[in-house]
Amino acid sequence: MCLIINPKFLKIMKIKKITFLILFCFVQGFCQTYVSTTGNDATGTGTAALPYKTIVKGVQAAPSGGTVLVASGTYPATGPIYIGKPLTIQKNGSAAVIINASGWTSTDTYVLGIVNTSSVTIDGLTISNKISNGSKGIWILANSGATANLNNITIKNCIVKNIGWISNNLSSIPANSGIVANAIKVDGGSGTYAITNVKLENNEVTNCATGWGEAVTLTGNVNGFTVSGNTVYNIANIGIVAAGNYTSTGATSNNQARNGVISGNEVFNCMSAVANSAGIYIDGALNCTVQRNEVYNCGVGISVGSEQNTATGNGGQSTGHYVNNNSVYSNVITGAIFGGVVGSGYTTSVGNTKIFNNTFYKNRTGAVINGVTTVGGVAVGTIADIYGGEVHLQNSSGITFKNNILYATTGKKALLASYGYTVSSFVSNYNLYYREGGTDFIIDLTGVSFNGSTATGSYNAAQFATATGQDVNAVVGVPGFVNAAAFNFTLASGAFATDKGDPTYNSTYSGILDFDEDTRKRNGRVDIGCSELQTGSTAKAAKVEVVEEIQEEPVTTFSVFPNPVSEQLNINFGEEVKTAAVSLFDLNNRALLKKEFYNVNAAQIQISDLKINPQIIIVQITADNKISSHKIYVK
């Protein structure tokens, strides 16, 4: 049997195929709207040949579900870019697309707003220079006008900078708590309709004087979010926050950011002059995971707390969190704070939170960051003495704390709690404690109700286990990092922290991947700290000898700025030094430069002379036998 096809039928099919292809190409072209600094809003048609001049016009003209392609260049913004339909706005080409709001004339507070709509992607834009109280670079908003959930909103590969209540000034003190700004704000103001599946990925947020606000904020009825791969730095308050119970959102129910992941971000130089400021903060949110982040040179590294009254905040308790595989070091006040607060007429508590496999290293530096010398009118060093240490506990119930490294400097605490607070149902085990110069009284619970007992005091690790029944399998010793001086906390071969974690591995609590995104559990048992010792084909190529923790007390008066740097790096020693050596290394420990200085109180390094690509470098300073290391971003 054979199939015979009528030639006339083939001709009809050919015509239909050509017609479909023409129609498809037409629709594709119609869905793309072009914008260029050389375009014209009056005579342009939005095509590649006749683009519009402004992004506002491109957004207005683009069809629902279309793409606005923006050519490189600087676009002055005097008023907001409002998006009220499904849309993609993306950079067209490799050069920067800069939205410059320095000439702003509108009374609106946001530069780019995504309001009561779904399916929006913003890709590759730079938004800058929006200065006034209430300023927002990017605002994702569900308010009382929402008629459905806001789904599938992505902000990626963007730069948001100099958004603030004041311009290019990170140490000025706002007059009151009503002075706020946000670089990126996800604002769930509807109790009925949530903002869901929000992704903030691979963005850079910098140089924002946020007052009492934060750089990256998710608050209110936000259900399901990812904040990953972002670099957030040089912020005058908190870096990244997921918040709940703030009635200012307007959400009358479900007023908690929840079911979110904050992972793989680098957050540094976030320091407020008005209050403790965390690099990453879970503040009254619900069911959040904080993992594989690097947080340093902030007021506080990571905090899980609850500031607002949960009885009246239209949300609920801050509970159900996972904090694992984070690298937290060189923060000013303390490495981490876990617990609620004693407010005005109310108290809050953090519940059921798992804190596993983190490394807290040499926090409570008391250093001056972004020119901030006082917090709430009190000297930074004094605040550090009050809260200071690697990990700080406040009101909480049901925290499990395992497999963490707590490495303190001389005379400072590894684990402590605030006087008068209540810590209940606290479970800790398999942690590693170490302090330079001796480990006596490394844990301080004086004046705290701990697991039902008020007979608390200061302990070494063994005394803590005997007195409380906690951390009976804790160890004390030098962890064995590959290169702690360069803040590389990967474990070296034969490291003391290897294979000493909880034998009962839980992938939800400890994570599947470690800080380096390598396999979390190897060789039959999980290690202690944020990085798992890798062997075989996944082993680190870095040198395996332990270039270990320097025993000298770090000099917190050394000031290294600016950060990031492109031209000249300045070093202020705080006093005249007889001999100073400054060494620069890349993250593979390759030497980039070494210079010596004599009888000086300051020094300069011409970074531009190195002719290196943008990267993180380590600046190691030895001045009159005192040592300090600093991580600097070369842009």
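Quick caveat, the model's predicted, so the values are computed rather than measured. What you see below is based on every heavy atom in this structure, not just the backbone, and it leaves out hydrogens, waters and symmetry mates.
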Without swapping roles, check the side chain of Asp514 against the backbone of Glu532 for a donor-acceptor pair under 3.5 Å. yes
Candidate list Thr347, Asn309, Thr348, test side chain to side chain contact (heavy atoms under 4.5 Å, CB included), partner Val341, passing option: Thr348
Spatial distance of atom CG (Asn168) from atom CD1 (Ile131) [nearest 0.5 Å]: 7.0 Å
If we ignore hydrogens and angles and just use 3.5 Å, is the side chain of Asn133 paired with the main-chain N or O of Val180 as donor and acceptor? yes
Under 6.0 Å between ring centres: does that hold for Phe489 and Phe515? no
Does the Lys NZ or Arg CZ of Lys402 fall within the cation-pi geometry relative to Tyr509 - under 6.0 Å from the ring centre and within 45° of the axis? no
Among Asn357, Val295, Ile262, Asn358, which residue satisfies the side chain to side chain contact (heavy atoms under 4.5 Å, CB included) criterion with Asn326? Asn358
Would you say Gln60 and Tyr82 are linked by a side-chain donor-acceptor pair, where the criterion is simply a distance under 3.5 Å? no
Report the residue from Thr359, Asn324, Val323, Ile355 that forms a side chain to side chain contact (heavy atoms under 4.5 Å, CB included) with Asn404. Ile355
Not counting sequence neighbours, which residues clear salt bridge (charged side-chain N to carboxylate O under 4.0 Å, His left out) with Glu390? List them please. none
Students often mix this up, so state it plainly: with edges at 30° and 60°, are the rings of Phe360 and Phe338 parallel, tilted or perpendicular? perpendicular
Counting heavy atoms not belonging to Lys161, are there more than 12 under 6.0 Å from its NZ? no
Please name the pair of heavy atoms, one in Ala71 and one in Val97, separated by the smallest distance, quoted to 0.1 Å. O-CG2, 3.4 Å
Is it the case that the side chains of Asn314 and Thr247 hold a donor-acceptor pair, with the cut-off being a distance below 3.5 Å and no angle test? no
Examine the side chains of Asn100 and Thr74 and answer whether a donor and an acceptor come within less than 3.5 Å of each other. no
Please confirm whether Lys57 makes a cation-pi placement over Tyr52, using NZ or CZ under 6.0 Å from the six-membered ring centre and within 45° of the ring normal. yes
The criterion is salt bridge (charged side-chain N to carboxylate O under 4.0 Å, His left out); which residues satisfy it with Asp283, sequence neighbours excluded? none
